[in-house]
Amino acid sequence: MELTGKLEEAFNRQVTMEQEASITYRQLAVEMELADLPGIASWFRAQAEEELEHRDKFIDHMTDRGARPVFQAIPANELKIESVLDAFEASLAHEIKVSEAIRDIYRLSLEAGDIDSIPLLNWFVDEQVEEEATVGEIIGRVKRIGNDGSGILALDRELGSRGGDED
């Protein structure tokens, strides 16, 4: 089944949103680099790379189904990050936005009877639940740490050990 019409438009919006997510995470990495927190910066860089993989999953699905992926304009990044907590709260806000967009595509696919998209969208729904839970857990830990420098440095070391291998 070819991907056309409203579904193609929705998938194109998602391709752009995943690109935007990567840019957002890369900006958060820059902010943490400027705060001398290389481990947290590394965690955000890994997230940025993961978002590009997500973008490519949507692109591959579209091209496999005869649709033409087209990137839309991405608004300028206006993040105001003054703390580690700000960075992770911005991350969670963006993940929630992405999750809702994926749910919208899912609903549209069901409405259109597009069963070919459901396996991909199921994977993304599961991924977004995991993403939100992970960032939510980190936020909880950052709140417990508060302004304790040694606690932030311990979290920086821990998150820096992530590397780029995780999903």
Side-chain angles (χ1 to χ4, degrees), residues 9-59 69-109 117 120-149 151-167:
E9 292 170 15
F11 272 88
N12 269 319
R13 282 190 302 273
Q14 194 64 38
V15 165
T16 300
M17 186 174 281
E18 298 294 339
Q19 183 74 30
E20 180 183 2
S22 178
I23 293 168
T24 297
Y25 275 119
R26 191 59 186 99
Q27 184 65 49
L28 292 170
V30 167
E31 298 297 331
M32 293 299 97
E33 288 165 1
L34 292 171
D36 297 322
L37 295 168
I40 295 172
S42 174
W43 189 91
F44 280 124
R45 278 193 306 275
Q47 282 296 113
E49 290 300 315
E50 185 176 300
E51 298 302 336
L52 295 177
E53 292 170 15
H54 294 173
R55 176 206 61 200
D56 290 346
K57 281 182 182 275
F58 281 108
I59 288 172
V70 178
F71 288 93
Q72 301 167 351
I74 296 174
N77 191 316
E78 296 186 19
L79 291 172
K80 293 280 189 187
I81 304 301
E82 297 181 15
S83 68
V84 172
L85 182 59
D86 287 347
F88 283 102
E89 285 179 339
S91 169
L92 182 59
H94 199 79
E95 290 296 344
I96 290 169
K97 178 179 157 185
V98 169
S99 294
E100 190 53 37
I102 290 168
R103 287 185 205 105
D104 286 344
I105 297 171
Y106 198 105
R107 288 181 200 93
L108 192 57
S109 293
S117 293
L120 174 73
L121 296 171
N122 280 334
W123 185 90
F124 273 103
V125 167
D126 290 343
E127 176 71 6
Q128 286 308 119
V129 167
E130 179 185 321
E131 294 288 344
E132 287 183 35
T134 297
V135 177
E137 179 184 306
I138 293 170
I139 287 172
R141 293 173 69 202
V142 171
K143 286 180 178 179
R144 276 190 292 287
I145 291 167
N147 291 324
D148 176 39
I152 294 292
L153 292 175
L155 183 65
D156 184 62
R157 276 190 304 278
E158 178 187 337
L159 293 181
S161 69
R162 171 188 180 181
D165 302 335
E166 289 188 8
D167 278 321

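For this chain, numbers begin at 1 and follow the sequence in order. Please read these numbers as outputs of a predicted model, since none were measured by experiment.
Partners of E137 according to the side-chain hydrogen bond (donor to acceptor under 3.5 Å, both in side chains) rule, which considers only residues two or more places apart in sequence or in another chain, do not exist here. With sequence neighbours excluded, no residue forms a side-chain hydrogen bond (donor to acceptor under 3.5 Å, both in side chains) with T24. When the side-chain hydrogen bond (donor to acceptor under 3.5 Å, both in side chains) test is applied to D104, the partners found at least two apart in sequence or on another chain are R107. By the side chain to side chain contact (heavy atoms under 4.5 Å, CB included) test, I145 is found to be paired with D148, I152, L155, residues two or more places apart in sequence or in another chain being considered. In this view, S99 and Q128, E132 satisfy the side-chain hydrogen bond (donor to acceptor under 3.5 Å, both in side chains) rule, not counting sequence neighbours. Partners of R141 according to the salt bridge (Lys or Arg N to Asp or Glu O under 4.0 Å) rule, which considers only residues two or more places apart in sequence or in another chain, are E158. Shown here are the salt bridge (Lys or Arg N to Asp or Glu O under 4.0 Å) partners of K97, two or more places apart in sequence or in another chain: E20. Residues meeting the side chain to side chain contact (heavy atoms under 4.5 Å, CB included) test with D156, sequence neighbours left out: L37, P38, I40. Listed by chain and number, the residues in a side chain to side chain contact (heavy atoms under 4.5 Å, CB included) with A48 are S22, Y25, R26 (sequence neighbours excluded). Residues forming a salt bridge (Lys or Arg N to Asp or Glu O under 4.0 Å) with R103 (at least two apart in sequence, or on another chain): E100.
Checked against the 6.0 Å centroid threshold, Y106 and F124 do not count as a close aromatic pair.
Side chains of T134 and I138 form a contact here, defined as non-hydrogen atoms less than 4.5 Å apart. Inter-residue side-chain proximity for E50 and E127 is flagged as met; some heavy-atom pair is nearer than 4.5 Å. The closest side-chain heavy-atom distance from R13 to E9 is below 4.5 Å. Side-chain contact between S117 and I105 is absent, with no heavy-atom pair separated by less than 4.5 Å. Side-chain contact between E89 and K143 is present, with heavy atoms from C-beta onward closer than 4.5 Å. Between W123 and K57, some side-chain heavy-atom pair lies under the 4.5 Å cut-off.
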For residues 73-85, tabulate all N or O donor-acceptor pairs below 3.5 Å that involve a side-chain atom, not counting sequence neighbours.
from : atom 1 : to  : atom 2 : distance (Å)
N77  : OD1    : L79 : N      : 3.0
S83  : OG     : L85 : N      : 3.4
S83  : OG     : D86 : N      : 3.0

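Between F88 and V135 the shortest heavy-atom distance is O-CG1, 3.4 Å. Taking both residues in full, the closest heavy atoms of A87 and L28 are given as O-CD1, 3.7 Å, listed atom of the first, atom of the second, then distance. The minimum heavy-atom distance between M17 and V98, with the atom names listed, is SD-CA, 3.7 Å.
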Notebook entry, point to check: Stepwise, does the side chain to side chain contact (heavy atoms under 4.5 Å, CB included) test hold for F58 with L120?
Noted result: CA-CA 8 Å; F58 281 108; L120 174 73; 4.0 Å; yes
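Sorted by first and then second residue, the pairs that involve residues 36-46 and meet salt bridge (charged side-chain N to carboxylate O under 4.0 Å, His left out), not counting sequence neighbours, are E33-R45.
In this structure, CD on Q19 lies 10.5 Å from CD on E51, to the nearest 0.5 angstrom. The line from CZ of F71 to CD1 of I59 is 4.0 Å long, rounded to the nearest 0.5 Å. Separation of atoms CG (L92) and CD1 (I96) is listed at 4.0 Å; rounding is to 0.5 Å.
Residue D126 places its CG atom among more than 12 non-hydrogen atoms of other residues, nucleotides or ligands, all under 6.0 Å distant.
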